[in-house]
Amino acid sequence: MSISRDLYPSEEDLLYEEEILRNPFSLKLWWRYLIARTESPFKKRSIIYERALKALPGSYKLWHAYLRERLEIVRNLPVTHPEYQTLNNTFERALVTMHKMPRIWSKGVPIETSLRVYRRYLKFDPGHIEDFIEFLLDSGLWQEGAERLAGVLNDDGFYSIKGKNKHQLWKYTNEVGRLWTSLADYYIRRGLFEKARDIFEEGMSTVVTVRDFSVIFDAYSQFEESTLAAKMEMLDLSDEEEDNENDSVVEEEEEDVRLDYSLSAAKLSKKILHGFWLNDDNDVDLRLARLEHLMNRRPELANSVLLRQNPHNVEQWHRRVKLFEGNPTKQILTYTEAVRTVDPMKAVGKPHTLWVAFAKLYEDHKDVVNARVIFEKAVQVNYKAVDNLASLWCEWAEMELRHKNFRGALELMRRATAEPSVEVKRRVAADGNEPVQIKLHKSLRLWTFYVDLEESLGTLESTRTVYERILDLKIATPQTIINYALLLEENKYFEDAFKVYERGVKIFKYPHVKDIWITYLSKFVKRYGKTKLERARELFEQAVEKSPADSVKPLYLQYAKLEEDYGLAKRAMKVYAQAAKAVPDNEKMSMYEIYIARAAEIFGVPKTREIYEQAIESGLPDKDVKTMCMKYAELEKSLGEIDRSRAVYVFASQFADPRSDPNFWNKWHEFEVQHGNEDTFREMLRIKRSVSASYSQTLLLLADAFHSPRVPNAEGSKIEP
């Protein structure tokens, strides 16, 4: 049999063939080859496909294109044609390597064939059962679709690859409650009341939305109310008939009814719980007790619905326990279920609070031994945050303190803060899953509680040991430093306290170190005063050097106070001058006011002249310069220096717009009325007009600039408005 020459590679194919020989596993090269031979006979293209799939059997792109072309070939051929067998064989070969691709299995074929192929595919990958269910429902195969869906809903181990939960798998998710009530109504109409009750109970115990629960509960309670009403009406009619027949029989029946009504509520409840019925027809008490029991269970049942939505909701478990207030046994069982159910890694809320409340329940009932057992189990749980575990240890210790077990509380803290051994760390590192217990010894919350206990119950040395351990672990806060130093100071270890402050200012940076510096400096000055003045000065210089501008003011004030009390007044003035330059612009004015007030008190008012001049020239904001000038002018006036005061007003006038700042001009006006003459008054009015014109011109220029386009200047560059 001869083979057509068209099936052999041509000269035009040599380029592609050479590239494929160099890299036969490149999908890109094979795809380019196929695109280039789009017009070639299918037999030649099928040879290229087969060669490509031999090199790349896992390529979905190649298999999909190859199968589509083969499907086109058989489209108008009879089923008995040999090409169909070839197509089937190609599909079979594709499924060997492409069994995870659902599109290969069941698209574009008759329903019966699709069913067989889908069932076969699910043997390879059962996870795609949802696609099969959708196919069944779309194809009108309701029976099998419902059976498959029911199987999925009843399979507790089923995992949806589409991320759906059990509630979302229901096809009518907003009608679940009505479906349950409809099923119960079916049994009610058939007279199977107990079966209807079972359906109601099952529905309430399975729905996951409050809306569905409310629908079922309302229908259930209405059913019980209607049966009770019907029974009472029937008994009334029966009593009337019996009255007409025989009075003696009535007396006997009334005695039976009284006996029935004498049954205690506890016995009736017990009969309900065990499903027992009274043997006689007068079961009104039983029906009434059943209805009351149902209504009393509503809060518990509603809480169960919320917990089915998220069994890791801590707050809902706490609410569930409160529902059983007065029933310790039920509360213990609920807590037991809660701590077994809630996964700390998935918990909404603080899971450790369940353990704490559980232990507190035992403690409240004078069972401290079991409370300790609960805490012992709780601290072995792997929580999401270290703070949860630390809180548990602290709660445990507080319980011991409440029962006067002080030594036990200290021992718990020593145990909790002990660093894991090297062997334990190595084993955890090898496992790769580090529990919070490994990091517990660095919990600041735990160490803070421990050090408070040691201060209250331990010795000074044991407390110092704990503080030193906190510093070694590098978990101290500024407050820890201050507390440690105060402890040493209270016990007369002043130098040790100052060493702690020194460590603190080296460990922390601004803004955290601010409180440490202020406390350190005030304590040092209070302790040594004048005796170690040079050391105090060195500390203040170090503090203000490292402080940012917005935090330096209180340090300078302390520094100046030191010089005023124990040093030299001139040095104090120098410190005030440094402070006025160092503080930010918004604090310069207040700093200069303090500087001037202290200078006036120490050296007298004339000394403040140079400070006023320094302040005016220091670059204060315009409004502060004007204020400072007015104060300076008042000073000169009080000293009798009228000309100097007038000169200050003249200088300050450039910062006061007459239209917006009448106060300044009124002050100057009063000054000239009291101390000036006609010439000086005219000069004041001339300056006022000049300043007003200057401000008006400035406003006009600004207005023109904002409304005009950019214009070139002499050099040709653009001037922005």
Side-chain angles (χ1 to χ4, degrees), residues 153-154 156 164-170 172-185 187-188 193-228 265 268-270 272-275 286-343 346-351 353-355 357-358 361:
L153 292 170
N154 293 328
D156 294 333
K164 294 182 179 180
N165 54 34
K166 288 292 182 69
H167 178 67
Q168 292 171 327
L169 287 171
W170 286 84
Y172 301 97
T173 55
N174 58 340
E175 300 291 340
V176 174
R178 291 185 61 185
L179 289 174
W180 281 107
T181 55
S182 297
L183 180 59
D185 185 62
Y187 287 111
I188 292 172
F193 295 154
E194 287 303 309
K195 183 64 177 177
R197 289 188 177 95
D198 292 342
I199 295 300
F200 281 128
E201 292 288 345
E202 183 180 356
M204 290 191 300
S205 63
T206 56
V207 294
V208 294
T209 66
V210 177
R211 178 180 178 275
D212 291 333
F213 168 77
S214 299
V215 170
I216 298 173
F217 185 88
D218 292 345
Y220 192 6
S221 58
Q222 186 177 2
F223 162 68
E224 292 292 359
E225 290 173 357
S226 61
T227 56
L228 176 62
L268 288 173
S269 299
K270 186 174 181 181
I272 291 173
L273 293 174
H274 290 82
L286 180 63
R287 294 171 185 260
L288 181 60
R290 181 188 281 123
L291 178 60
E292 291 177 354
H293 180 63
L294 174 63
M295 302 306 293
N296 292 336
R297 288 166 56 210
R298 180 180 179 115
E300 179 184 352
L301 294 170
N303 178 263
S304 298
V305 174
L306 297 175
L307 285 175
R308 281 195 293 276
Q309 292 177 358
N310 183 6
H312 308 290
N313 190 321
V314 175
E315 179 60 29
Q316 290 301 330
W317 281 109
H318 282 302
R319 292 180 182 178
R320 188 174 184 84
V321 172
K322 289 182 180 179
L323 295 176
F324 306 121
E325 198 74 41
N327 188 348
T329 303
K330 190 70 174 176
Q331 288 182 316
I332 290 173
L333 293 174
T334 304
Y335 274 128
T336 304
E337 183 184 1
V339 297
R340 287 178 179 174
T341 303
V342 175
D343 183 349
K346 301 177 182 177
V348 177
K350 298 179 179 179
T353 58
L354 289 172
W355 290 99
F358 196 0
L361 178 64

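Computed over heavy atoms, backbone and side chain alike; hydrogens, waters and symmetry mates excluded.
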Check the pair Thr336 / Phe358 against side-chain contact (heavy atoms from CB on, under 4.5 Å), numbers first and verdict last. CA-CA 8 Å; Thr336 304; Phe358 196 0; 3.6 Å; yes
Do Asp198 and Tyr187 pass the side-chain contact (heavy atoms from CB on, under 4.5 Å) test, and can you show the C-alpha distance, the side-chain angles, and the key distance before you say yes or no? CA-CA 10 Å; Asp198 292 342; Tyr187 287 111; over 6 Å; no
Test side-chain contact (heavy atoms from CB on, under 4.5 Å) applied to Phe200 and Thr181, step by step: CA-CA 7 Å; Phe200 281 128; Thr181 55; 4.3 Å; yes
Full working for side-chain contact (heavy atoms from CB on, under 4.5 Å) between Val348 and Asn310: CA-CA 9 Å; Val348 177; Asn310 183 6; 3.2 Å; yes
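For the atom pair Leu301 CG and Leu294 CG, the distance stands at 7.5 Å (nearest 0.5 Å). Taking CG from Leu286 and CG from Leu291, the interatomic distance works out to 11.5 Å, rounded to the nearest 0.5 Å. To the nearest 0.5 Å, atoms CD (Glu194) and CD1 (Ile199) are separated by 12.0 Å. The distance from the CG atom of Leu183 to the NZ atom of Lys195 is 8.0 Å, given to the nearest 0.5 Å.
Applying the 6.0 Å contact sphere to CD of Gln309 captures more than 12 heavy atoms from other residues, nucleotides or ligands.
Nearest heavy atoms, Ala347 versus Val314: CB-CG2, 4.2 Å. Nearest heavy-atom pair across His312 and Lys346 is CB-O, 3.7 Å. Shortest non-hydrogen contact noted between Ala184 and Ala196 is O-CB, 3.7 Å. Gly203 approaches Trp180 most closely through the heavy-atom pair CA-CD2, 3.6 Å. Considering every non-hydrogen atom in both Gly177 and Ile216, the closest pair reads O-CG1, 3.8 Å. Minimum heavy-atom separation, Val210 to Val305: N-CG1, 3.9 Å.
For the pair Asn313 and Leu306, the minimum side-chain heavy-atom distance is 4.5 Å or more. Side-chain contact check for Asp185 versus Phe223: every heavy-atom pair is 4.5 Å or farther apart. For the pair Thr227 and Arg197, the minimum side-chain heavy-atom distance is below 4.5 Å. Counting heavy atoms from C-beta outward, Val207 and Phe217 have side chains that stay 4.5 Å or more apart. Side-chain contact between Arg340 and Glu337: absent, with no pair of heavy atoms (C-beta onward) separated by less than 4.5 Å.
For Glu201, the side chain to side chain contact (heavy atoms under 4.5 Å, CB included) partners two or more places apart in sequence, or in a different chain, are Met204, Tyr220, Arg297.
Side chain of Arg308 to backbone of Ser205: a donor-acceptor contact under 3.5 angstrom is found.
Taking the six-membered ring for Trp and thresholds of 30 and 60 degrees, Tyr335 and His318 have ring planes more than 60 degrees apart, a perpendicular arrangement.
Screening Arg298, Gln316, Lys322, Arg319 for a side-chain hydrogen bond (donor to acceptor under 3.5 Å, both in side chains) with Asn303, the sole residue that qualifies is Gln316. Here the options are Leu333, Thr334, Ile332, the test is side-chain contact (heavy atoms from CB on, under 4.5 Å), and the partner is Val321; only Thr334 passes.
A salt bridge links Arg320 with Glu300: at least one charged nitrogen is closer than 4.0 Å to a carboxylate oxygen.
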